[in-house]
S.K.: 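One structure is given below, represented as structure tokens, and several questions about it will come after.
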Amino acid sequence: MQSAIDDARSQGKAGLVTVAGTSKFHFMSDTKWLLRQGFQTVEKLPNGFSLLVLKLMSDAPEPSFKACTKSGECEEKNGLVVYFINRCPYTEYHVGSLADVAQSKGIPLKIIKLETLEQAQAAPTPATIFTLFHNGQFVTTDLSVCLEKRFEKAVKI
């Protein structure tokens with residue numbers, strides 16, 4: 001953490017900002033640890049995401065979530081929608097497994113691979129490594145939902 005702070009200072013940055021789970025989410029930083037490091041919560045979303053900031057300049061503007069993430073919903077209201085990037089080398093493989101699970105259960109699935117910064121910033125989720133929605137509602141960032149046993153528990157159908 002100190003290295004990140006030092007690097008931000010050397011570049012003249014106003015602070016550090018991160019997205020974390022209000023409770024523990026997969027692929028997300030530990031909120032409690034970040035708060036102990038001096039970060040402050042500046043915004044919470046109803047689906048469990050928190051925006052944390054460590055200001056290095058007292059007059060730095062408050063960051064905020066983009067409007068597209070605030071509802072905790074995606075536009076598609078029928079079936080499953082997955083947003084993902086390839087930051088984890090196994091994500092695309094597991095999304096393929098989810099396609100098999102969805103097909104076996106007769107549930108429509110839309111897969112959206114985010115390939116540009118603009119696509120990621122326009123996504124309805126601040127967690128772009130992997131996010132699953134069911135009938136428009138946020139379900140999880142847990143990639144293990146792609147396994148049939150975990151799917152049935154997470155997606156109550």
Side-chain angles (χ1 to χ4, degrees), residues 1-35 37-99 102 108-146 154-155:
M1 178 59 68
Q2 191 59 51
S3 176
I5 293 169
D6 293 344
D7 190 42
R9 279 197 174 110
S10 73
Q11 295 181 47
K13 300 295 182 185
L16 301 173
V17 177
T18 189
V19 176
T22 304
S23 57
K24 186 66 178 141
F25 278 156
H26 293 268
F27 299 114
M28 306 290 294
S29 299
D30 181 354
T31 303
K32 291 177 184 177
W33 183 81
L34 289 165
L35 293 172
Q37 304 311 307
F39 280 78
Q40 296 179 339
T41 303
V42 292
E43 191 171 5
K44 289 183 180 181
L45 298 181
N47 58 358
F49 294 100
S50 292
L51 188 66
L52 305 172
V53 65
L54 177 65
K55 287 188 177 183
L56 301 177
M57 296 178 186
S58 59
D59 62 344
E62 288 287 309
S64 64
F65 281 112
K66 291 193 82 164
C68 59
T69 66
K70 292 190 180 201
S71 73
E73 298 180 2
C74 70
E75 290 181 10
E76 181 63 49
K77 304 297 184 203
N78 182 31
L80 303 168
V81 179
V82 170
Y83 291 84
F84 80 100
I85 62 173
N86 278 343
R87 190 170 128 200
C88 169
Y90 301 105
T91 306
E92 196 157 8
Y93 170 80
H94 286 295
V95 169
S97 298
L98 180 61
L109 171 64
K110 183 175 185 178
I111 299 170
I112 302 170
K113 183 176 181 181
L114 305 168
E115 300 192 57
T116 67
L117 175 63
E118 294 76 20
Q119 289 172 333
Q121 289 179 341
T125 175
T128 55
I129 293 174
F130 175 85
T131 301
L132 177 68
F133 291 87
H134 180 241
N135 294 335
Q137 300 297 310
F138 170 79
V139 175
T140 189
T141 62
D142 183 357
L143 194 56
S144 72
V145 75
C146 298
V155 181

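Quantities reported herein were computed from a predicted structural model and do not represent experimental measurements.
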S.K.: Between Asn86 and Glu92, is there a side-chain heavy-atom distance shorter than 4.5 Å?
M.R.: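 In short, these two side chains touch, coming nearer than 4.5 Å.
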
S.K.: When you measure from the side chain of Gln119 to the backbone N and O of Thr116, does any donor-acceptor pair fall under 3.5 Å?
M.R.: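 Side chain of Gln119 to backbone of Thr116: a pair is present.
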
S.K.: Are there more than 12 heavy atoms of other residues, nucleotides or ligands under 6.0 Å from atom NZ of Lys55?
M.R.: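 Yes, because the 6.0 Å sphere around NZ of Lys55 holds more than 12 heavy atoms from other groups.
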
S.K.: Have Thr22 and Ser50 got a donor and an acceptor in their side chains that come within less than 3.5 Å?
M.R.: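 Present: a donor and an acceptor within the cut-off.
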
S.K.: So, taking the atom named CZ in Arg9 and the one named CG in Leu16, what distance separates them when rounded to the nearest 0.5 Å?
M.R.: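 Arg9 CZ to Leu16 CG: 9.0 Å, rounded to 0.5 Å.
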
S.K.: Mark yes when over 12 heavy atoms from residues, nucleotides or ligands other than Gln137 sit less than 6.0 Å from its CD; otherwise mark no.
M.R.: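 Counting other residues, nucleotides and ligands, CD of Gln137 exceeds 12 neighbours.
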
S.K.: Do the side chain of Thr131 and the main chain of Thr128 share a donor and acceptor less than 3.5 angstrom apart?
M.R.: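 Judged by distance alone, no pair lies under 3.5 Å.
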
S.K.: Is a donor on one side and an acceptor on the other found under 3.5 Å between the side chain of Thr31 and the backbone of Gly21?
M.R.: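 Flag set: sc Thr31 to bb Gly21 pair under 3.5 Å.
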
S.K.: Any idea which heavy atoms bring Val145 and Ala154 closest together, and the distance?
M.R.: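 Nearest heavy atoms, Val145 then Ala154: CG2-CB, 3.5 Å.
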
S.K.: Answer whether the closest heavy-atom distance between the side chains of Leu45 and Lys70 falls below 4.5 Å.
M.R.: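 A side-chain contact under 4.5 Å exists here.
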
S.K.: Just so I know, are the side chains of Leu54 and Ile5 near enough to count as touching, which here means a heavy-atom distance under 4.5 Å?
M.R.: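 Yes, close enough: below the 4.5 Å cut-off.
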
S.K.: Atom CD of residue position Glu75 - does it have more than 12 heavy atoms of other residues, nucleotides or ligands inside 6.0 Å?
M.R.: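 No, CD of Glu75 has 12 or fewer neighbouring heavy atoms, counting only those of other groups under 6.0 Å.
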
S.K.: Atom CG of Leu52 and atom OG1 of Thr18: how far apart are they, to the nearest 0.5 Å?
M.R.: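 Nearest 0.5 Å value for the CG-OG1 distance: 6.5 Å.
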
S.K.: If every non-hydrogen atom of Ala102 is compared with every non-hydrogen atom of Leu109, which pair is closest and at what distance?
M.R.: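 Reported closest heavy-atom pair: CB-CB, 4.0 Å.
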
S.K.: Which pairs count as ring-ring contact (aromatic ring centres under 6.0 Å, His included) when at least one residue sits in residues 39-95, sequence neighbours excluded?
M.R.: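 Applying ring-ring contact (aromatic ring centres under 6.0 Å, His included) to every pair that reaches into residues 39-95, excluding sequence neighbours, yields Phe25-Phe49, Phe49-Phe138, Tyr83-Phe133.
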
S.K.: Under a 3.5 Å distance rule, please check whether Lys77 uses its side chain to pair with a backbone N or O of Cys74 as donor and acceptor.
M.R.: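 Flag set: sc Lys77 to bb Cys74 pair under 3.5 Å.
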
S.K.: Keeping the roles fixed (side chain from Ser71, backbone from Glu73), state whether a donor-acceptor pair exists under 3.5 Å.
M.R.: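 Yes, because the side chain of Ser71 sits within donor-acceptor range (under 3.5 Å) of the backbone of Glu73.
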
S.K.: Report yes if the side chains of Pro63 and Leu51 come closer than 4.5 Å at any heavy-atom pair, otherwise no.
M.R.: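 Yes, side chains in contact.
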
